[in-house]
Number of protein chains: 2
Amino acid sequence: MAEKKENIARLIVVLPMFMGALMKGSNFETAVQLNSSEARSLIYIYKHEGGTMSEYSKRVGLARGSFTAVADSLEEKGLVARVSASDDRRKCALMLTGSGKKIAREIDLQFKRHLAARLESLSGEDLSSLEKSLKVIAAISEKL
Amino acid sequence: MAEKKENIARLIVVLPMFMGALMKGSNFETAVQLNSSEARSLIYIYKHEGGTMSEYSKRVGLARGSFTAVADSLEEKGLVARVSASDDRRKCALMLTGSGKKIAREIDLQFKRHLAARLESLSGEDLSSLEKSLKVIAAISEKL
DNA sequence: ATCTAAATGTTAGAATTCTAATCATTGTGC
DNA sequence: GCACAATGATTAGAATTCTAACATTTAGAT
């Protein structure tokens, strides 16, 4: 039990490098120029529309305050709109505009292509175990 | 094959949240105050002493230029020393000082404790599969 | 040998992100 | 109903990180 946790502690630290290796050189070419946080946020909003600021900041891995800036930028660029949530006047929900959806689809496609290229060197077996491992982590992440 | 990669692309985006959930609230209490990059770097250097700046920057997930600042800070705080590598005069290797080793051990211990607390809510089964998944990712990360 | 290209580490300035304080709204206990 | 804590979002300033350009050294080609 304790040993498992120690191993996990030891292994956790490779994730930044893993992310770095996968994301490296992913410059999205879209009509509107977005940085990586904006792109990530846009995709997440696209797939889970209508969430609140706090929700998104957690999912995207940013501090709440930081996500405000990202949302501002996406709004200025005409990709999302803040909508007041009816049930709680503190909250605001984010909705995509038409062009927001369009750009999100573009980025999504480009990201898939980018990743496919990055994973080129892996065998089919590696891909399967990577897929399975990520599923496990995603599931566990929900429980934390 | 293509579907596996698409799944991986879809799942990859949960990693920032996963990292955020695990690291949240990990304030190390040591004689010398370190930010999270410095702490992470110090531990990595502790476990792989004598590497070069570029190596470490890659492992820790920082741009080379950013790691220079981290190394500067660690050096100013008396925890590491830049040593010129004999084989290539461009390179410099990082070595820990005595107090660097001491602090590294402290942080390592505190990090383990922090993570153990964070993983409290998981079952033994979850811990096992998480451990296994991270091993897979670490191995695959080496191949990228 | 010499020229060119690549790799290593650094620097400066811009961009991004964090932290802590704040405002507005909601929930709780009395 | 009223004080008071808790939550959602924002803000400003500080801290962190990135990008692009640079100097130095090495490797490769001719």
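Keep in mind it's a predicted model, so treat the numbers as computed, not measured. Just so it is clear: chains get the letters A, B, ... in the order the sequence lines come, proteins before strands, and each one is counted from 1. Hydrogens, waters and symmetry mates are skipped; everything else that's a heavy atom, side chains included, is used.
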To the nearest Å, give me how far apart [atom1] ([X]) and [atom2] ([N]) are.
X       : N      : atom1 : atom2 : result
A:Arg90 : D:dG8  : CZ    : P     : 6 Å
A:Lys58 : D:dG8  : NZ    : P     : 7 Å
B:Asp88 : C:dA7  : CG    : P     : 12 Å
B:Glu75 : C:dG9  : CD    : C1'   : 13 Å
B:Glu55 : C:dA7  : CD    : P     : 15 Å
A:Arg89 : D:dA6  : CZ    : C1'   : 18 Å
B:Lys91 : D:dA27 : NZ    : C1'   : 12 Å
A:Asp87 : D:dT7  : CG    : P     : 16 Å

Exercise. Do you know which two heavy atoms are closest between B:Thr97 and B:Gly78, and how far apart they sit?
Worked result: OG1-O, 2.7 Å
Seminar exercise, completed: What one should report as the nearest heavy-atom pair of A:Met53 and A:Ala71 is CE-CB, 3.6 Å
Problem set entry | Heavy-atom donor-acceptor pair, B:Ser73 side chain to B:Ala69 backbone, under 3.5 Å | no
For this session: If the plane angle is over 60° it's perpendicular, under 30° parallel, otherwise tilted; pick one for A:Tyr56 and A:Tyr44.
Result: perpendicular
Exercise. Looking at B:Glu131 and B:Lys135, does any basic side-chain N land under 4.0 Å from a carboxylate oxygen?
Worked result: yes
Using atom names, set out every protein N or O paired with an N or O of nucleotides 16-20 of chain D below 3.5 Å, distance rounded to 0.1 Å.
residue: D:dT16; atom: OP1; partner: B:Asn35; partner atom: ND2; Å: 2.6
residue: D:dT17; atom: OP1; partner: B:Ser37; partner atom: OG; Å: 2.4
residue: D:dT17; atom: OP2; partner: B:Ser37; partner atom: OG; Å: 3.2
residue: D:dC18; atom: OP2; partner: B:Ala63; partner atom: N; Å: 2.9
residue: D:dC18; atom: OP2; partner: B:Ser66; partner atom: OG; Å: 2.8

Problem set entry | Pairing residues for B:Asp88 by the side chain to side chain donor-acceptor pair (under 3.5 Å) criterion, not counting sequence neighbours | B:Arg90
Exercise. Listed in order of residue number, which residues of residues 44-51 of chain B have a non-hydrogen atom at under 4.0 Å from DNA chain C?
Worked result: none
Exercise. Which of these nucleotides, C:dT11, C:dA24, D:dT10, is closest to any side-chain atom of A:Thr68?
Worked result: D:dT10
Exercise. Nearest of D:dA9, C:dG9, D:dT10 to any side-chain atom of A:Arg82?
Worked result: D:dT10
Seminar exercise, completed: Across all chains, not counting sequence neighbours, the salt bridge (charged side-chain N to carboxylate O under 4.0 Å, His left out) partners of A:Arg40 are none
For this session: Describe, as an angle rounded to 10 degrees, how the axis at the first end of the helix from C:dA1-D:dT30 to C:dC30-D:dG1 is tilted relative to the axis at the last end, five pairs per end.
Result: 40°
Problem set entry | Heavy-atom neighbours of B:Lys58 NZ exceed 12 at 6.0 Å | no
For this session: Can you run down the salt bridge (Lys or Arg N to Asp or Glu O under 4.0 Å) pairs that involve residues 71-85 of chain A, sequence neighbours left out, and say none if there aren't any?
Result: A:Glu38-A:Lys77, A:Asp72-A:Arg82, A:Glu75-A:Arg82
